[in-house]
Amino acid sequence: MKNIRNMDVEWGYEGELGPEHWHTLCDWFSTGAKYPYQSPINLSKNLVNGVSTSRAIDFCYKSEEFTEKEFKNTFHFVPPNTESYIIFEEEKYYLTDIHFHTPSEHTFDSEHAPLEFHLVHMNNSGDNLVVGCLFTITTEENKFSKNKTTLKWKSETHQQWFDPSIFLPEQKSHFHYLGSLTTPPTKGPVHWFVFDTIQKMDQEFFERIDEGMLPFNNRPTQALNGRKIYFSE
């Protein structure tokens, strides 16, 4: 095993660099894979262990600048100033990254959606919290349509300005569980909040960020290993 700990380790989604081999690519990846509660998982109300209002999250998002980047096998919106945050258990987690997976990584009753966005947050201690939003891709008018969206895009400088709330559904009911990152080093614990509403995303908008990306970049669902899943209305 290679004794390497940096982001230059090559990995992918098929063959010898695929998800089943990530833990063999370097010691750092191997250590992350040892965390027992890996993500993503299958989510179902039949698997829910309880309903808890104490597991609610408060979104404090605002319109801010994002920079377009392509790394780690997907497209990313990265906010250089991390002005948006959420509050969970009286602690602030700042939005550090927005990226997507096709098809969805989480499944609802073992069914994939065509697309899943991850809004990645981090607190001042370096702990992660990720919000998952699932979508279908459509030509029907929706909030991402060119004549509807408030997202401003400056192609020549790869900059965007928008309120990240655009990715959130109106109905805020969600699953909550403890898991891991879904890309190497797949370390945990990570608090996951996955909305149970499957939203619509404009095909033209999606094609703009999907150009040149992998046809699929989703890690398979992982074993529950006895962990608890909560649901909040």
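- Residue Cys26 holds its SG atom at 12.5 Å from CD of Glu10, rounded to the nearest 0.5 Å.
- Counting only distance, with no hydrogens or angles, the side chain of His101 and the backbone of Asn217 share a donor-acceptor pair below 3.5 Å.
- Side-chain contact check for Phe231 versus Leu43: every heavy-atom pair is 4.5 Å or farther apart.
- Between the side chain of Lys69 and the main chain of Val78, no donor-acceptor pair closer than 3.5 Å is present.
- Between Pro164 and Leu119, the closest heavy-atom pair is O-CD2, 4.1 Å.
- Only one option out of Phe195, Phe100, Phe77 pairs with Phe167 in a side chain to side chain contact (heavy atoms under 4.5 Å, CB included); it is Phe77.
- Hydrophobic clustering, with ILVMFWY side chains joined whenever heavy atoms are under 4.5 angstrom apart, keeps Ile57 apart from Leu178.
- In this structure a side-chain-to-backbone donor-acceptor pair under 3.5 Å is missing from Thr107 to His112.
- No donor-acceptor pair under 3.5 Å is formed between the side chain of Asp109 and the backbone N or O of Ser44.
- Linking ILVMFWY side-chain heavy atoms closer than 4.5 Å, directly or via other members, places Ile229 and Tyr37 in two distinct hydrophobic clusters.
- Expressed to the nearest 0.5 Å, how far CG of Asn218 lies from CD of Glu105 amounts to 6.0 Å.
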Yes or no on ring pair (Phe, Tyr, Trp, His ring centres under 6.0 Å) for Tyr177 and Tyr230, after CA distance, side-chain angles and deciding distance?
CA-CA 6 Å; Tyr177 76 95; Tyr230 296 91; over 10 Å; no

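- Side-chain polar atoms of Asp127 and Ser125 form no donor-acceptor pair below 3.5 angstrom.
- Less than 6.0 angstrom separates the ring centroid of Phe66 from the ring centroid of Phe162.
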In sequence, state the C-alpha distance, the side-chain angles, and the governing distance for Arg219 and Gln38, and then conclude on side-chain contact (heavy atoms from CB on, under 4.5 Å).
CA-CA 10 Å; Arg219 187 189 193 193; Gln38 292 288 299; 2.9 Å; yes

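- For the residue pair Glu16 and Leu25, the shortest heavy atom distance occurs at O-CD2, 4.1 Å.
- Applying the side-chain hydrogen bond (donor to acceptor under 3.5 Å, both in side chains) criterion to His21, with sequence neighbours excluded, gives no partner residue.
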Just do the side-chain contact (heavy atoms from CB on, under 4.5 Å) check on Arg227 and Asn49 with the steps written out, would you?
CA-CA 9 Å; Arg227 80 187 91 176; Asn49 298 94; over 6 Å; no

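- A donor-acceptor contact under 3.5 angstrom links the side chains of Glu91 and Asn123, judged on distance only.
- Between the side chains of Asn42 and Thr221, no donor-acceptor pair of N or O atoms lies under 3.5 Å.
- Note: the hydrophobic cluster containing Ile166 does not contain Trp161 (ILVMFWY, side chain heavy atoms under 4.5 Å, direct or indirect links).
- Contact annotation: the side chain of Thr186 never approaches that of Tyr35 to less than 4.5 Å [non-hydrogen atoms, C-beta and beyond].
- For the residue pair Leu168 and Cys133, the shortest heavy atom distance occurs at CD2-SG, 4.1 Å.
- Aromatic pair Tyr85/Tyr93: centroids not less than 6.0 angstrom apart.
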For a side-chain contact (heavy atoms from CB on, under 4.5 Å) check, start with the C-alpha distance between Thr183 and Asn73, then their side-chain angles and the critical distance, and finish with the verdict.
CA-CA 10 Å; Thr183 58; Asn73 295 297; over 6 Å; no

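- Side chains of Ser104 and Leu115 form no contact here, defined as non-hydrogen atoms less than 4.5 Å apart.
- Judged by distance alone, with hydrogens and angles left aside, the side-chain atoms of Asn128 form no donor-acceptor pair with the main-chain N or O of Met122 at under 3.5 Å.
- Other residues, nucleotides and ligands contribute only 12 or fewer heavy atoms inside 6.0 Å of the NZ atom of Lys200.
- Here the side chains of Thr138 and Asp202 are not in contact, with every heavy-atom distance at 4.5 Å or above.
- Using the six-membered ring where Trp is involved, Trp192 and His118 have ring planes that are perpendicular, over 60° apart on the 30 and 60° scheme.
- The aromatic rings of Phe193 and Phe88 sit perpendicular to each other, their planes meeting at more than 60°, with 30° as the lower class boundary.
- Checked for salt-bridge contact, Glu83 and Lys62 meet the test: a charged N lies under 4.0 Å from a carboxylate O.
- Taking the six-membered ring for Trp and thresholds of 30 and 60 degrees, Phe144 and Phe205 have ring planes inclined between 30 and 60 degrees apart.
- Under 3.5 Å, the side chains of Gln222 and Ser39 contain no donor-acceptor pair of N or O atoms.
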With side-chain contact (heavy atoms from CB on, under 4.5 Å) as the criterion, how do His121 and Ile86 come out once you've worked through the C-alpha distance, each side chain's angles and the decisive distance to 0.1 Å?
CA-CA 8 Å; His121 305 74; Ile86 64 174; 3.8 Å; yes

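- His23 is not listed as a side-chain neighbour of Lys34, based on a closest heavy-atom distance of 4.5 Å or more.
- Using bins of under 30°, 30° to 60° and over 60° for the plane-to-plane angle, the ring pair His76/His99 lands in the tilted bin.
- Inspection of the Gln159 and Glu68 side chains reveals no N or O donor paired with an N or O acceptor under 3.5 Å.
- Thr182 is not listed as a side-chain neighbour of Val130, based on a closest heavy-atom distance of 4.5 Å or more.
- The closest side-chain donor-acceptor pair between Glu64 and Ser84 falls under 3.5 angstrom.
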Under 3.5 Å, sequence neighbours excluded: what are the donor-acceptor pairs made by side chains of residues 147-155?
residue, atom, partner, partner atom, Å
Asn147, ND2, Glu141, OE2, 3.1
Thr149, OG1, Leu151, N, 3.1
Ser155, OG, Arg208, NH2, 2.6

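- Val9 is not listed as a side-chain neighbour of Trp28, based on a closest heavy-atom distance of 4.5 Å or more.
- A 4.5 Å side-chain heavy-atom check between Thr67 and Glu65 finds at least one atom pair inside the cut-off.
- In this structure, Asn142 contributes its side chain and Glu140 its backbone to a donor-acceptor pair below 3.5 Å.
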